[in-house]
Amino acid sequence: MKQVKPLPISKSTVTKILDRYSALIVTLVIIIIATMVKGTDFLSVQNFMNILRNNSVIGIIALGMTFVIISGGIDLSVGSVLVASGAVIIMTMNATGSILLSILAGLIFGILVGLINGLIIAKGNVPAFIVTLGAMNIYRSVCQHFMKGGGFTSTSPTYKDISNGYLFDVIPLPIIYFLVCCIVMHLISKHTRFGRHVYAVGSNEKAAKLSAVNVDRVKILTYVTMAVCVVIAAIVETSRMNSINATSSGHFYELDAIAAAVVGGTSMAGGRGSISGTFFGVLILGIMNNMMVLIGVPPFLVGAVKGTIVVLAVLLQKREKD
Amino acid sequence: MSKRLLEMNHISKSFGGPLVLNNVNFTLEYGEIRALLGENGAGKSTLMNILGGVVNANSGSIQIDGSPIKINNPSDAQKHGIAFVHQELNVVNDLKVYENLFLGRELRKNGILDTKTMKQMTKDVLDRMNVHLNPDDEVRTLDTSYKQVVEIAKALLQNAKIIIFDEPTTSLTNVEIEKLFGTMLALKKLNVSMIFISHKLKEVIEICDSYTILRDGIVVTEGKIQGGESKVTIEDLARHMVGKDVFSHTVYYEREFGQPILEVDSLSFPHHFTNLNFSIRKGEIVGFTGLLGDGRSEMAQCLFGCYRHYTGDILFKGQKTLINSPMKALKLGIGYVPRNRKENAIIRHLTIKDNFSIVMLKKFVKGLFIKGREEREACVCRLQQLNTKIGSINDLITSLSGGNQQKVVLSKWLESNPDLLIFDNPTQGVDVGAKNEIYSIIMELSRQGITIMLLSNEAQELIRICDRAYVMYHGVIQGELGRSEMTEEAIMVLATGGTLN
């Protein structure tokens, strides 16, 4: 009975990564050479810390986005929800003076937002694109109305320490938050029932349903997870700025998060993707951004170059043969 | 030299590893219907893909009309008059018949679509095939057999000389199969040659002129079906395909049954089934069959919790129960191996192990996380019990053959220790050898006390292993047959709405 054969691993992780990101690696190498020729300080530790810190907010959102996309959905509302939850957090803080209470309020708000999105998508059978497109407009516009187009600033003297401190005086705290989120999300995706179900639902919803998987619950939970990620990102963002702005905060975050996930190998059709992939996706996009600044690409053109690279990268990536 | 339509000589192919095709010769006469037979993995698809230009052979040559040709890609194949009619029909449901026929090569006059000529040409082709179909009909409204007709007509319109039918009858009812065969015979009169790939040997004998059997990439035998002096039998063909006798042993044996486990009282669901009444005892194997639109699959899904607003009563283990979700069905002890494995049962981005544990994942979770070792051991153990041939349980499920995929699907339900297992077309797309294995497994499960509902469109399947059978017709149970009364004729009479005696 207990004869268990040794289980061969099909392909080494290194080859897999090389396979998947070959195009990006080539692009990166070219940019790195260009940067070195220009003689910038790209390769300094300080610069790398900056890259990671500047991308930790998008990174945390991209982790949740990865789950949503793997499950076969999409969430366009993350930028607006970041503003709304940021506003809830700072309002609560200014009213009560308690950081703990305000974070709790933010989380409750986020979970509610995720539940509403998820319920309409799963139970109401409305396409995720439409539901979250609507949510994106609703939260942004309501925030702009109540914040009169401006922003809220925190009056707490210590709130900004959450994001502006350092671990061992070297590593900026936002990087730590991002890494912790990566590890937690990786564990959820690979080693829990919920994670397994996310992949199953995204790959073949019908088969998952006929395997007695509670498909609706899985979908709703993915949007709740997404929203919790957004709230964590909102905490990092608001404490770094010590404020939130209804008009300028969180702009295009949904697109950056989707780009990071997709560059990291997540399939828009659902069923495929990984947290480790998204981690690299965030890193690669961040490095590209940084290097374009260092090389001296005109700031208004950075978006154009970035967009081109993302589309090209995914175009060149090995796609699934069917 | 006598002229043949097609000669494939000394074709060899390997995908890096062992030879998938080894020095294969394949010929086709004018107006011939030739069966290409073999188990899954024997090399049939590879050979046909070489002919269709989807893959290139490592060595060998192809001649059409006596002159050597090169087929490097699908459009080369099309140019030489080779057409595929696939198992999954490639028709666009939202378009009309003639629009489908001219899809991608629409005729234009002065820059706008020449609808009149296209419709006329469609009508001509359909007339030649001897089918009555309105070019203006929307394809969505057609039966599956007519959708197939549309595909064949499309091939003819492109002047196809060779049509490859890849398991064309799997999704057809018996009446539709007869229609398809009628069309094939009409094509034969037009001097079109056909290659017929099927696991249904009875049909092969009925429609084909000759056969070629592949096993492990080698042609084991070929010949005429009606050879004059010696007639080929199903058993002959099956023996060559598998390499041993498969029909000689009977799988069925008598068993004792327990208390009624499932009792269904006037179960109805609008448009699908009405007023179903039946009762199944513990350990019984009960068959359900009928033609397309009989409602049996919907009934099975209803028992599995997919139609929660049903009316009528379901008594499970003597207790009246509301089965309103698959989760509830699982909790009660009901398992369901659905039809159309690819669509309904396989999660193609997941590994064999993950597909296995999806139903009972809860069992392997300790605290927050899945215990990987327990999961792997359970998976390997179950798959070994069912004699499943796999490389590694971490391979994708799609790397397996149909029969082995089905065993993984079955094993995931066995892990839940079900009291009732519902099989819907369990041997669809499964080769002869694996078919017999699945029958033996079902017998063994019922011996262990698991109750089986076997839904099938193959009468033979029910006759081989069922204790009783219900035949359905348009959503009602038309009749019940005991084991001794089960014949293909009796089943057909009931399935077409008739009554016995």
Side-chain angles (χ1 to χ4, degrees), chain A residues 1-13 16 69-72 122-123 183-218 265-274 319-322, chain B residues 301 304-306 325-331 334-338 340-351 353-355 357-362 364-365 367-373 375-381 384-385 390-399 409 412-413 416 424:
Chain A
M1 272 294 279
K2 282 274 173 186
Q3 278 182 326
V4 179
K5 286 179 200 153
L7 304 160
I9 296 168
S10 43
K11 214 172 180 187
S12 89
T13 324
K16 263 189 197 161
I69 297 177
I70 292 173
S71 80
K123 299 284 183 192
I183 293 166
V184 171
M185 292 293 273
H186 174 81
L187 287 175
I188 295 176
S189 74
K190 295 290 177 209
H191 299 285
T192 69
R193 203 154 84 101
F194 169 58
R196 188 75 64 74
H197 285 174
V198 168
Y199 281 91
V201 168
S203 176
N204 190 343
E205 188 177 328
K206 214 164 155 192
K209 187 184 165 200
L210 292 178
S211 301
V213 170
N214 195 337
V215 172
D216 287 351
R217 192 172 65 188
V218 172
T266 305
S267 155
M268 289 300 287
R272 289 193 318 151
S274 65
R319 261 156 306 167
E320 184 180 18
K321 282 179 200 155
D322 216 27
Chain B
Q301 296 205 345
F304 192 63
C306 294
S325 72
M327 285 81 81
K328 179 74 180 284
L330 169 68
K331 213 175 281 168
I334 303 176
Y336 174 56
V337 178
N340 296 340
R341 191 170 48 246
K342 213 165 126 190
E343 228 176 276
N344 298 327
I346 295 300
I347 300 172
R348 66 191 178 104
H349 295 112
L350 296 191
T351 61
K353 169 182 68 86
D354 293 0
N355 266 285
S357 53
I358 186 94
V359 170
M360 290 307 290
L361 205 47
K362 211 181 241 165
F364 306 115
V365 176
L368 284 175
F369 299 120
I370 301 167
K371 292 280 172 233
R373 214 176 77 110
E375 187 191 7
R376 283 194 300 272
E377 280 174 5
C379 178
V380 170
C381 176
Q384 275 173 354
Q385 275 173 14
I390 59 163
S392 152
I393 58 169
N394 291 322
D395 289 342
L396 285 180
I397 181 92
T398 45
S399 68
V409 175
K412 78 178 177 188
W413 284 108
S416 76
D424 194 351

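All values derive from a computational prediction rather than experimental measurement. Just so it is clear: chains get the letters A, B, ... in the order the sequence lines come, proteins before strands, and each one is counted from 1.
- Per-residue counts of heavy-atom pairs under 4.5 Å with chain A were compared for B:V359, B:T398, B:I358, B:D354; the largest is that of B:D354.
- Distance alone, capped at 3.5 Å, is enough to place a donor-acceptor pair between the A:S267 side chain and the A:A269 backbone.
- Only the side chain of B:F304 comes within contact range of chain A, judged by heavy atoms closer than 4.5 Å.
- Nearest heavy-atom pair, B:F369 versus A:L187, reported as atom, atom and distance to 0.1 Å: CE2-CB, 3.9 Å.
- Between B:P326 and B:C306, the shortest heavy-atom contact is CG-SG, 4.3 Å.
- With hydrogens and angles disregarded, a donor-acceptor distance shorter than 3.5 Å links the side chain of B:N355 to the backbone of B:I347.
- Looking at B:K412, the atoms closer than 4.5 Å to chain A (heavy atoms on both sides) all sit in the side chain, from C-beta outward.
- The main-chain N or O of A:G273 is found under 3.5 Å from a side-chain atom of A:Y199 such that the two form a donor-acceptor pair.
- By the 4.5 Å heavy-atom criterion applied to side chains, A:K209 and A:E205 are not counted as neighbours.
- The candidate from B:T351, B:I346, B:V409, B:V365 with the greatest count of non-hydrogen atom pairs under 4.5 Å with chain A is B:I346.
- Neither the backbone nor the side chain of B:S325 comes within contact range of chain A; no heavy atom of the residue lies under 4.5 Å from a heavy atom of that chain.
- Looking only at heavy-atom pairs under 4.5 Å with chain B, the residue among A:K190, A:H197, A:H191 that has the most is A:H191.
- Both the backbone and the side chain of B:E343 come within contact range of chain A, each with at least one heavy atom under 4.5 Å from a heavy atom of that chain.
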